[in-house]
There are 2 protein chains.
Amino acid sequence: MDRLGHEVLAAVLQVRSWSLQVLLWQRAKEPQAGHWSLPGGQLGATEDVEASVRRQLAEKVDVRQLSHVEQLQVFSAPNRMPGARVLATAFLGLVPSDNDPEIPADTRWFPVDALPATAFDHHAIVLRARDRLRSKLSYTNLGFALAPPSFTISELREIYAAALGHRVSATNLQRVLSRRGQLEPTGQTAVSGPAGGRPAAVFRFTCRDMFITDPFAVLRPPTTRR
Amino acid sequence: MDRLGHEVLAAVLQVRSWSLQVLLWQRAKEPQAGHWSLPGGQLGATEDVEASVRRQLAEKVDVRQLSHVEQLQVFSAPNRMPGARVLATAFLGLVPSDNDPEIPADTRWFPVDALPATAFDHHAIVLRARDRLRSKLSYTNLGFALAPPSFTISELREIYAAALGHRVSATNLQRVLSRRGQLEPTGQTAVSGPAGGRPAAVFRFTCRDMFITDPFAVLRPPTTRR
DNA sequence: TCAAAAGTGTTCTGCCTACACCCATGA
DNA sequence: TCATGGGTGTAGGCAGAACACTTTTGA
């Protein structure tokens, strides 16, 4: 065999209603009719895989506001789908929590920890996307990709807590991100809630492209001169 | 387009002569005759990409002692090679420093920081493999894949220094790896050198499968009960 | 004046680096 | 007993978690 099909698949993640959710599309036809699958499609002749996944998401599910896209891994088991062999390049895509993309009738958002019956190996892809996101929130500035353009620390804490799957302290979150130079105040303050309380300062991320903030924990290069 | 070629390519890295080196193969035919390229080949019909890369390395360059193999990324630029389009799944492969595989006449080891003229996008693949290795030495037990079955701390320091590209303190290396439970003494001691000196204790890695030793640096789950 | 929410000060802990010092061997 | 290399003790620093405390608002 030297010619085979190649598709791109995207696990598009967004924090919605205090949980990390993924966009899935319900299959109308066999195989696996009724099962839910990741958006994507065949790689085009003149595009690389990243361009392809961005195009497919824009065309098929009208998701254009991707704040971050990164390749996860190739899934290549010979029997991963019935019929002619198809390889898949899987992607992680992120959408800021203030966006609500128009999606077709046969697509829905599902919490990543409560997936419906999924098609083929798509369940594994979603879990891999989730784990990649969780890791990178720790050692990169990737929070910008889940957050709106500006936010209070409380709002940001909700987003991090949903993405990470555990409670997050607003105090420590602010300190960690500030020390790393990821946050800057906009100067504005949010309005207090109905129950009163001190109005929150509004922040934004200083950079909206991903970079590594915590390069290596151990075995650093020596600092000694000579 | 819905049928296309797919190859697997491996950046096989090994610490040789105090430097991190990669195995390259010199192209005899056009395109890019004379340039050096990564070992690999077409994906077979009944194998996944990892099985394929292991098979190709065993067949073509007689490398069978791979201590670790992991997928890096798909390279898919439409013009990455002339002629019919071919996607490539790139891998990182590691060989322990005490092995010296039999390699064909047209293959050679090169330091990753002094590569010859390379074919296509293979230079980028080597750099990516190098960076992946360097990162993982910090937060996983991946050192086992570069080290012989047993070694002194000094020998291990040489290996880490070559792989990381900077000096490494034997003191701190031992402490970090011991604290993480990666090392255990074999009970043996090495013989002293010609100039005397205290004989070194011999160690081995407790586990020879990769796992993460330093899961997340920040934003850990809260430890508070209830 | 009180409750609620935001933000800061401070302590504690654990991990890593650096470096001084002690140990075991061959000549 | 001295040089050589191996190994340990220990101090310093830094980053993160936890929590007490202060600040600022609405009612």
Side-chain angles (χ1 to χ4, degrees), chain A residues 137-140 143 150-158 160-161 164 166-203 212-226, chain B residues 137-140 143 150-158 160-161 164 166-203 212-226:
Chain A
L137 286 175
S138 207
Y139 68 94
T140 72
S150 69
F151 44 81
T152 66
I153 299 298
S154 285
E155 290 162 358
L156 190 63
R157 184 195 55 198
E158 302 290 352
Y160 269 77
L164 291 171
H166 60 75
R167 280 176 301 136
V168 172
S169 146
T171 297
N172 294 334
L173 180 64
Q174 179 176 18
R175 270 214 251 274
V176 167
L177 298 187
S178 296
R179 180 171 29 230
R180 295 180 172 181
Q182 291 184 42
L183 291 184
E184 66 186 3
T186 62
Q188 301 171 318
T189 54
V191 295
S192 296
R198 176 173 169 175
V202 176
F203 290 83
I212 293 175
T213 56
D214 201 24
F216 16 58
V218 295
L219 302 175
R220 291 186 273 274
T223 58
T224 46
R225 51 283 145 198
R226 303 264 74 246
Chain B
L137 286 175
S138 207
Y139 68 94
T140 72
S150 69
F151 45 80
T152 66
I153 298 298
S154 287
E155 290 162 358
L156 190 63
R157 183 195 53 199
E158 302 290 352
Y160 269 78
L164 291 171
H166 60 75
R167 281 176 303 136
V168 173
S169 147
T171 298
N172 295 334
L173 180 65
Q174 179 177 18
R175 270 215 250 275
V176 167
L177 299 187
S178 296
R179 182 174 32 231
R180 294 179 172 182
Q182 291 183 42
L183 290 185
E184 65 186 3
T186 63
Q188 300 171 319
T189 54
V191 295
S192 296
R198 177 172 170 176
V202 177
F203 290 83
I212 293 174
T213 56
D214 201 25
F216 15 57
V218 295
L219 302 175
R220 291 186 273 276
T223 58
T224 44
R225 49 286 146 198
R226 297 266 64 246

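Lettering of chains follows the sequences in order, A, B, ..., and the numbering in each one begins at 1.
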Shortest non-hydrogen contact from B:S138 to B:R180?
-> O-NH1, 2.9 Å
Distance from B:R220 atom CZ to A:S169 atom OG, nearest 0.5 Å?
-> 12.5 Å
Atom pair distance, as rounded to whole Å: NE2 in B:H166 and P in C:dA18 | 10 Å
Is the shortest side-chain N/O distance from B:S154 to OP1 or OP2 of D:dG5 below 4.0 Å?
-> no
Atom-pair distance (OH on B:Y160; P on C:dT17), nearest Å = 13 Å
Figure out the CD/P separation between B:Q188 and C:dA24, and round it to whole Å.
-> 19 Å
Please determine which of B:N172, B:T152, B:L173 meets the side chain to side chain contact (heavy atoms under 4.5 Å, CB included) test together with B:R157.
-> B:L173
What integer distance in Å separates A:D214:CG from D:dC14:P?
-> 15 Å
What's the closest nucleotide to the B:A201 side chain, out of C:dC16, C:dT17, D:dG7?
-> D:dG7
May I have the distance from B:L173 (atom CG) to C:dC16 (atom P), rounded to whole angstrom?
-> 12 Å
When every nucleotide of nucleotides 20-27 of chain D is labelled 5' to 3' by its protein contacts under 4.0 Å (heavy atoms), B for base, S for sugar-phosphate only, - for none, what sequence of letters results?
-> ---BBBSS
Send over the distance from B:L219 CG to D:dA18 C1', rounded to a whole Å.
-> 14 Å
Any chance you could measure A:T140, atom OG1, to A:I212, atom CD1, to the nearest 0.5 Å?
-> 7.5 Å
Going by heavy atoms in the side chains, are A:F203 and A:I153 under 4.5 Å from each other?
-> yes
Can you name the closest pair of heavy atoms from A:G143 and A:L137 and give their distance?
-> N-CD2, 3.6 Å
Heavy atom of residues 175-185 of chain B under 4.0 Å from DNA chain D: which residues?
-> B:R175
Does a side-chain N or O from B:Q174 land closer than 4.0 Å to OP1 or OP2 of D:dT8, or not?
-> yes
Go through C:dG7, D:dT8, C:dT17 for me and flag the one nearest to the A:A200 side chain.
-> C:dG7
If we only count heavy atoms from C-beta on, is the B:T189 to B:V202 side-chain gap below 4.5 Å?
-> no
Roughly how far, to the nearest 0.5 Å, is the CZ atom of B:F151 from the OG1 atom of B:T186?
-> 9.0 Å
d(CG, B:N172; P, C:dC19) in whole Å = 10 Å
Between P of D:dC14 and CZ of A:R220, the distance in whole Å | 11 Å
Atom CG of A:L177 and atom CG of B:L219: how far apart are they, to the nearest 0.5 Å?
-> 6.5 Å
